[in-house]
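Below is one structure, written out as structure tokens, with a few remarks after it.
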Protein chains: 2
Amino acid sequence: MLERRRTRLIAAADAPLRAAISDAAPVPRMPDDGDELRFCSTCAFGSVCVPHGVDKAALGELHCLVEHVGPYRSGQRIFHAGDRFGAIYAVRGGTVKTSLTDDEGREQVLGFHLPGEMIGLNAIHPAKYPCDAIALDTAYVCRFSFPALATLAMRFPGVQQQLFRLLSADIGKAALLAGDHSADERLAAFLVGLADRYAARGFSHTALRLSMARSDIANYLRLAAETVSRVLRRFQDQRLIAVEGRDVVLTDAAALRHLARNIVHG
Amino acid sequence: MLERRRTRLIAAADAPLRAAISDAAPVPRMPDDGDELRFCSTCAFGSVCVPHGVDKAALGELHCLVEHVGPYRSGQRIFHAGDRFGAIYAVRGGTVKTSLTDDEGREQVLGFHLPGEMIGLNAIHPAKYPCDAIALDTAYVCRFSFPALATLAMRFPGVQQQLFRLLSADIGKAALLAGDHSADERLAAFLVGLADRYAARGFSHTALRLSMARSDIANYLRLAAETVSRVLRRFQDQRLIAVEGRDVVLTDAAALRHLARNIVHG
DNA sequence: GCGCCCGGTTGACCGAGATCAAGGCGCGGC
DNA sequence: GCCGCGCCTTGATCTCGGTCAACCGGGCGC
């Protein structure tokens, strides 16, 4: 359903992703039991349940409270800025961008979210979503009612811990944007950060497909789209990467990492 | 007890602050009972206990687990980047900056923290402090053992909620740095943000004393110190502010707010 | 007192990246 | 097929803010 054939070169870097999606598609709401492994393999709460081996009971209850929603088509909103906060979401398949639009109508991209990553954590405090969440391709998400989750966390220390960790991790994420770094550093950090996040989910460490437009990347990195184009071109000339449309291969990841060395996270 | 008398102009804008400090000074460790109101008036956890009226019992337990530490002299570190994470801190008096130093030895200021604000929340996930916390003047802090706090949160929903809110709030804080805003916008947002935070703590809405050096402000806003100087001078020429050393009066807060309108938070 | 040092200010110049403008290319619709 | 519209790229020019340099003034040690 998603883009049919992926070209050679990167080949099907997102094949496992599509597999996950096709798995998810026929499961519109309640997860069936005996599905734990698959459920946890991509989910941000997987680490509550599987790796730590504790709170097996919590897993069952999470299953009951999670709601699978989607598909969202490219461009569709999962939630709107200003909506009353009621749930946090985990991306299950596809890519989601979060952004906000200021008075003058200028968009400000806050982040891109891959399968397994949480969105909506920054809505707890203001009690309403402070940004839009928009699907960049066909996307599926898991909805966790926050009151229910908080109640669950009261009973399972592992769940509470994981929530604290997820929240804490997000605080540091803005570091990429925060520092005053050159366009080269930003782009290098963006690419290796994305590659690392894909790699952590079982995809290739060096080949990736950008699901967002150049203008979104530029906006996210606080650069002009033209600058993104030029830097990518230069990286290619320097044999750091191979670019073909939205497919990128990191041919010299070490050099990219060196460029990005002063930017924590991705 | 906060701000006794508010002085003319800026004069000693931090006089009430100092008063708070001298109150705190003779209380080196365990808070004495019957101290609730004072404890809560500046503390970030005040809102757990007092305003919501619930979890009165939690207040007592918080009292037992909090540890008053200080004074720290200007320049002293409260915690170091890399230290194992064990506690979060609330500023009780004075001002604290958080910053990290990259491989090349360049400092990167992450934020300034006034009395009542929490620091160390971003250390939960990595399980070690990702930055230094340095006193900018004579500073006092409250130390909350995080394991103890998490345990307390398991029993008191209000405490858990407040922790979630504090963490969530911090996620959005980087917005000032994040956007690509002009030097004017950044400085205006910084000034009104600081004024609002002081105001929320009972200080003047329009007069404030900058406890940090120009170079720290510049670093925090990702500008050169010279640029901060020049913009402040221009703001003064435009009658937006009156500057005298580290004392600033916002003479046209409306105009400053308008300049900063596209920057959320401060 | 004197000199030093640090923080702050001001001016002159420079450069990274934004902006403006033009053109190419791929894809969906007709 | 052909057209039209986004997305992307490339080139020319402009500009905001950084960098370098000089100077000022206050606090502190001697």
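Within every chain, numbering begins at 1; the chains are lettered A, B, ... in the order of the sequence lines, protein sequences first and strands thereafter. Bear in mind that the values here come from a model prediction, so they are computed numbers and not experimental data.
The six-membered or imidazole ring of A/Tyr72 lies away from that of A/Tyr140, with a centre-to-centre distance of 6.0 Å or more.
Inter-residue side-chain proximity for A/Ile241 and A/Leu191 is flagged as met; some heavy-atom pair is nearer than 4.5 Å. Counting heavy atoms from C-beta outward, A/Gln108 and A/Arg222 have side chains that approach closer than 4.5 Å. Using a 4.5 Å cut-off on side-chain heavy atoms (C-beta onward), A/Phe79 and A/Ile119 make contact.
In this structure, B/Asp252 does not pair ionically with B/Arg239, as no charged nitrogen and carboxylate oxygen lie closer than 4.0 Å.
End-to-end axis angle of the helix from C/dG1-D/dC30 to C/dC30-D/dG1, from C1' rotation axes over five pairs per end: 30° (rounded to 10 degrees).
Put simply, chain B comes within 4.0 Å of DNA chain D, heavy atom to any atom, from D/dG17 to D/dA21, going 5' to 3'.
For the residue pair B/His113/B/Thr98, the side-chain donor-acceptor check at 3.5 Å is satisfied. No hydrogens or angles considered: a donor-acceptor pair under 3.5 Å links the side chains of A/Glu104 and B/Asn262.
Among the protein residues, A/Ala224 comes within range of the nucleic acid bases, having at least one heavy atom under 4.0 Å from a base atom.
Within the structure, a side-chain polar atom (N or O) of A/Thr227 is placed less than 4.0 Å from OP1 or OP2 of C/dA18. Contact annotation: B/Arg246 reaches the phosphate of C/dG8 (side-chain N/O to OP1 or OP2, under 4.0 Å). OP1 and OP2 of C/dT9 both lie 4.0 Å or more from every side-chain N or O belonging to B/Arg230.
Nearer to the 5' terminus of DNA chain D, by closest-nucleotide assignment, is the contact made by A/Val228 (compared with the other of A/Asp180 and A/Val228).
Between A/Asp184 atom CG and C/dG15 atom C1' the separation is 14 Å, expressed in whole Å.
Under the rule for a side-chain hydrogen bond (donor to acceptor under 3.5 Å, both in side chains), the partners of A/Arg234 that lie at least two apart in sequence or sit in another chain are A/Asp184.
Among the nucleotides C/dG11, C/dC20, C/dG8, the one closest to the side chain of A/Glu226 is C/dC20.
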